[in-house]
Trainee: 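Can you read through this structure? Questions will come right after.
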Amino acid sequence: MIPNILRTAEPLKCKVIDYFMAKNDNIIIGNEVMYGIKRKVVDLLLIKEKSICAIEIKGDNDNLNRLPEQIVEYSKIFDYVYVFSTPKHVESLIDELPLGVGIFIISEEKINEIRRPQKQKKHDKIEMLYSISCQYLLSKGIKSGKDSDDLRKSISKKNMTWIHSLLLDFYTDKLNTNYTAFKNERGIVSHVDDIPLLNGGLTIFP
């Protein structure tokens, strides 16, 4: 019989959050955070050591059909990509995911690292800039063009290091308050009912 905790992604999120919190105090985590031109959301977003990491979580009841597309989209924007799943999916993940994607397997007792993530190097400036709200860009004194599309097109002429720093600052500002509230409410371990406190990406960006 499949343990309840392994069936769906939400209970697994708690184990993933606790995994990273136990490893490093100096992090920020967001839940269901919006990114990119298509306004999709990543299961968890992790900020650590000035890197922005996408975390995708697949339970036993989830299929992997969309995962390759998700990985491609994440790789355009985020520094590292992690996939956490269950023993049921381990062979498929190893066979199908690019070598640069980290693979971690969750059991009831622990999380095992199967493959360490490597830094993604083929970022897309426009995708990164569409992950930042127009209001935030304007709040930084960045003004150019007739509309939000023109604004981002103009900014894309800047170098990748500058744009990455801007994206890092945006996500840090966006998620830090909620993450602090989550830590204060969490208790000894994370609980599914506390995860909405981490929500940071459901507002549509203009």
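Below, all heavy atoms of this structure are taken into account, side chains as well, without hydrogens, waters or symmetry copies. This is a predicted model, so every value here is computed, not measured.
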Trainee: May I ask whether V16 and V192 are part of the same hydrophobic cluster, defined by side-chain heavy atoms of I, L, V, M, F, W, Y residues being less than 4.5 angstrom apart, directly or through others?
Mentor: no

Trainee: Determine yes or no for a side-chain-to-main-chain donor-acceptor pair under 3.5 angstrom, with N31 supplying the side chain and P196 the backbone.
Mentor: no

Trainee: When the aromatic ring centroids of Y74 and Y35 are compared, is their separation below 6.0 Å?
Mentor: yes

Trainee: Hey, are E69 and R66 close enough for a salt bridge, meaning a charged N less than 4.0 Å from a carboxylate O?
Mentor: no

Trainee: State the CD1-CG distance between I52 and L167, to the nearest 0.5 angstrom.
Mentor: 4.0 Å

Trainee: Is there a donor-acceptor contact under 3.5 Å from the side chain of S75 to the main chain of I71?
Mentor: yes

Trainee: Would you please test V83 and V101 for side-chain contact (heavy atoms from CB on, under 4.5 Å) and show each step?
Mentor: CA-CA 7 Å; V83 176; V101 175; 3.8 Å; yes

Trainee: Closer than 4.0 angstrom, basic N to acidic O: yes or no for R186 and D193?
Mentor: no

Trainee: Are I77 and V72 co-members of a hydrophobic cluster defined by side-chain heavy atoms under 4.5 Å apart?
Mentor: no

Trainee: Between F84 and Y82, what is the ring plane arrangement, given parallel below 30°, perpendicular above 60°, and tilted in between?
Mentor: parallel

Trainee: Hey, is the main chain of L67 close enough, under 3.5 Å, to the side chain of K58 for a donor-acceptor pair?
Mentor: no

Trainee: Is there a side-chain contact (heavy atoms from CB on, under 4.5 Å) between S131 and Y171? Walk through the geometry before answering.
Mentor: CA-CA 9 Å; S131 301; Y171 277 136; 3.5 Å; yes

Trainee: Between A54 and V42, what is the shortest heavy-atom contact and its length?
Mentor: CB-CG2, 3.8 Å

Trainee: Would you indicate whether the side-chain heavy atoms of L138 and C134 approach each other to under 4.5 Å?
Mentor: yes

Trainee: Looking at side-chain heavy atoms only, is the closest gap between F78 and S51 below 4.5 Å?
Mentor: no

Trainee: With rounding to the nearest 0.5 angstrom, report the NZ to CG distance, K88 to L93.
Mentor: 11.5 Å

Trainee: Keeping the roles fixed (side chain from T180, backbone from N176), state whether a donor-acceptor pair exists under 3.5 Å.
Mentor: yes

Trainee: Check whether any side-chain heavy atom of C14 sits under 4.5 Å from a side-chain heavy atom of V189, and report yes or no.
Mentor: no

Trainee: Could you check whether any side-chain heavy atom of D124 comes within less than 4.5 Å of a side-chain heavy atom of I37, counting everything from C-beta outward?
Mentor: no

Trainee: Is N112 reaching over with its side chain to a backbone N or O of I105, donor-acceptor style, under 3.5 angstrom?
Mentor: no

Trainee: Provide the closest heavy-atom pair for I47 versus L45 in the form atom of the first, atom of the second, distance.
Mentor: CG1-CD2, 3.7 Å

Trainee: Please round to the nearest 0.5 Å and tell me the distance separating atom CG of L97 and atom CD of E56.
Mentor: 10.5 Å

Trainee: So, R152 and E127, do they make that salt bridge, N to O below 4.0 Å?
Mentor: no

Trainee: Can you confirm whether P117 sits close enough to F104 that some side-chain heavy atom of one is under 4.5 Å from a side-chain heavy atom of the other?
Mentor: yes

Trainee: Can you tell me if NZ on K183 sees more than 12 non-hydrogen neighbours from other groups inside 6.0 Å?
Mentor: yes

Trainee: When rounded to the nearest 0.5 angstrom, what distance separates CD1 in I28 from CG in L175?
Mentor: 7.0 Å

Trainee: Identify the residue among Q120, H123, E49, K121 that makes a side chain to side chain contact (heavy atoms under 4.5 Å, CB included) with D79.
Mentor: H123

Trainee: Can you measure from NZ (K50) to OG (S165) and round to the nearest 0.5 angstrom?
Mentor: 8.0 Å

Trainee: Would you name the heavy atoms of D194 and F182 that are closest together and state the gap between them?
Mentor: O-CD1, 3.5 Å

Trainee: Report yes if some heavy atom in the side chain of K125 is under 4.5 Å from a heavy atom in the side chain of K153; otherwise report no.
Mentor: no

Trainee: If you apply the rule side-chain contact (heavy atoms from CB on, under 4.5 Å), what do you find for I55 with I29, and how did you get there?
Mentor: CA-CA 10 Å; I55 300 173; I29 299 174; over 6 Å; no

Trainee: What closest approach, in Å, do I106 and P87 show between heavy atoms, and which atom pair accounts for it?
Mentor: O-CD, 3.3 Å

Trainee: Can you find a side-chain donor-acceptor pair between N26 and K48 that sits under 3.5 Å?
Mentor: no

Trainee: Looking at every non-hydrogen atom in both residues, tell me the closest pair between L64 and S92 and how far apart they are.
Mentor: CD1-CB, 3.7 Å

Trainee: Taking side chain as C-beta onward, heavy atoms only, is I27 less than 4.5 Å from N24?
Mentor: yes

Trainee: Hey, is CD on E185 packed in by over 12 heavy atoms from elsewhere, all under 6.0 Å?
Mentor: no

Trainee: Answer with yes or no whether the side chains of D62 and H89 bring together a donor and an acceptor at under 3.5 Å.
Mentor: no

Trainee: Please report the C-alpha distance between M128 and H164 in whole Å, then the side-chain angles of each, then the deciding distance to 0.1 Å, and finally whether the side-chain contact (heavy atoms from CB on, under 4.5 Å) criterion is met.
Mentor: CA-CA 8 Å; M128 295 171 75; H164 179 274; 4.0 Å; yes

Trainee: Could you pull out the closest heavy-atom pair between L197 and A181, with the gap in Å?
Mentor: CD1-O, 4.3 Å

Trainee: Look up atom CG in L46 and atom CD1 in I17, then write down how far apart they are to the nearest 0.5 Å.
Mentor: 10.5 Å

Trainee: Between D173 and Y136, is there a side-chain donor-acceptor contact under 3.5 Å, judged purely by atom types and distance?
Mentor: yes

Trainee: Within a reach of under 6.0 Å around CG of D95, are more than 12 heavy atoms found that belong to other residues, nucleotides or ligands?
Mentor: yes

